[in-house]
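A, B, ... follow the sequence lines: proteins, then strands. Residue 1 opens every chain. As a basis for the values below, the full set of heavy atoms in this structure was taken, side chains included, without hydrogen atoms, waters or symmetry mates. All of these numbers come straight from a predicted model, not from anything done at the bench.
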Protein chains: 2
Amino acid sequence: MTLNITMQALSDPTRRKILELLKKKDMSVTEINKNFDITMPSLSHHLGVLKQADLITYRRQKQELIYSLNLSVFENVAKILIKFFKK
Amino acid sequence: MTLNITMQALSDPTRRKILELLKKKDMSVTEINKNFDITMPSLSHHLGVLKQADLITYRRQKQELIYSLNLSVFENVAKILIKFFKK
DNA sequence: ATATAATTTAGACAGTTGTCTAAATATCTA
DNA sequence: TAGATATTTAGACAACTGTCTAAATTATAT
């Protein structure tokens, strides 16, 4: 995990909102999309960025792809940021 | 303080390094610059972004501008991020 | 007042990013 | 095997970003 890729991923408000949604429950792309006013390809792009940062994972369930928070990485990022902000 | 501007400011590695330096001690622009391989105008740009995000402040000391961490905002950002990362 | 030192502002430029439309891929169901 | 559904890939484009050089600003010291 490189902090740079992680922070870049976190710098966009849409992506932060996706993470907030996935904190509550796993969701398909279509379900995530209902919370935004962007096209599916745009959302797919954001999911790609979050995937590359290893912040989310997905599994297939019939036709749908179900995305989830990658909890271990998410918590690791939290630790690193807390350390960064510790004076 | 808007999280968006803050996160945008934190997304660049040079700016994060500037904050790390200022965590240790207040520094003039020239002194900060010795830690990087960029021109003064580029550094000045980064300081501007951090200023706009209210993460740093400065005072004049003779010819020099001495930059410091804006501790209250810095700690507030920490709180917000910890909350964000809390599952 | 003039020269020097410290920093910012102005303007340009290449690279990155977020968005879109159109097309492709993958899976399920009838 | 078709047709429908879910999602991604490809390619284009405007906006934003980080960098630079050159010039301007601000303050000090001679």
Given the ring of B/F84, does A/K23 sit roughly above its face, with NZ or CZ under 6.0 Å from the centre of the six-membered ring and within 45° of the axis? yes
Protein proximity profile, nucleotides 23-30 of chain D - base contact B, sugar-phosphate-only contact S, no contact -, cut-off 4.0 Å on heavy atoms: ----SSS-
Should A/H46 be listed as having a side-chain N or O under 4.0 Å from OP1 or OP2 of C/dT19? yes
Hydrophobic cluster mates of B/I66, side-chain heavy atoms under 4.5 angstrom, ILVMFWY only, any path? none
Which Ile, Leu, Val, Met, Phe, Trp or Tyr residues join B/I82 in one cluster when any pair of side-chain heavy atoms under 4.5 Å counts as a link? A/I82
Protein-nucleotide distance (A/H45, atom NE2; D/dA15, atom C1'), rounded to Å: 14 Å
Proximity to DNA chain C (any heavy atom under 4.0 Å), residues of residues 29-36 of chain A only: none
Do the side-chain N and O atoms of B/N70 and B/S72 include a donor-acceptor pair separated by under 3.5 angstrom? yes
For A/E31, is there an ion pair with A/K25 - N to carboxylate O distance below 4.0 angstrom? yes
Distance, rounded to the nearest Å, where B/L65 contributes CG and C/dT7 contributes C1': 6 Å
Ring pair (Phe, Tyr, Trp, His ring centres under 6.0 Å) against B/Y58, all qualifying residues, sequence neighbours excluded: B/Y67
Listed by chain and number, what are the side-chain hydrogen bond (donor to acceptor under 3.5 Å, both in side chains) partners of A/T2, not counting sequence neighbours? none
Could you give the CG-to-C1' distance, from A/L43 to D/dT8, as a whole number of Å? 11 Å
Restricting to side-chain hydrogen bond (donor to acceptor under 3.5 Å, both in side chains), what partner residues turn up for A/S42, sequence neighbours left out? A/T39
N or O in side chain of A/T39 less than 4.0 angstrom from C/dC20 OP1/OP2: yes
Check the distance between C/dC28's P and A/I66's CD1 and give it to me in whole angstrom. 12 Å
Given atom CE of B/M27 and atom P of C/dA6, what is their separation to the nearest angstrom? 14 Å
In whole angstroms, how far is the P atom of D/dA6 from the CZ atom of A/R59? 17 Å
Integer-rounded Å distance: D/dT8 P and A/L47 CG: 6 Å
Counterpart residues, side chain to side chain contact (heavy atoms under 4.5 Å, CB included), relative to A/Q63 (two or more places apart): none
If the condition is side-chain hydrogen bond (donor to acceptor under 3.5 Å, both in side chains), which residues does A/Q52 pass it with, not counting sequence neighbours? none
Among D/dA6, C/dT8, D/dT8, which is the nearest nucleotide to the side chain of A/E64? D/dA6
Among D/dT8, C/dT19, C/dT8, which is the nearest nucleotide to the side chain of A/K51? D/dT8
Between C1' on D/dT8 and CD on A/Q52, what's the gap in Å once rounded to a whole number? 15 Å
Run the salt bridge (charged side-chain N to carboxylate O under 4.0 Å, His left out) test against B/R60 and tell me which residues pass, sequence neighbours left out. none
Within residues 3-21 of chain B, find the residues that approach DNA chain C with a heavy atom at under 4.0 Å, and present them sorted by residue number. none
Can you pull the ring-ring contact (aromatic ring centres under 6.0 Å, His included) pairs that have at least one residue in residues 22-51 of chain A, sequence neighbours excluded? none
Any side-chain N or O of A/S44 under 4.0 Å from OP1/OP2 of D/dT8? yes
Does a side-chain N or O of A/Y67 approach OP1 or OP2 of D/dT8 to a distance below 4.0 Å, or not? yes
Counting just side-chain N and O atoms, does B/S42 come under 4.0 Å of either OP1 or OP2 of D/dC20? yes
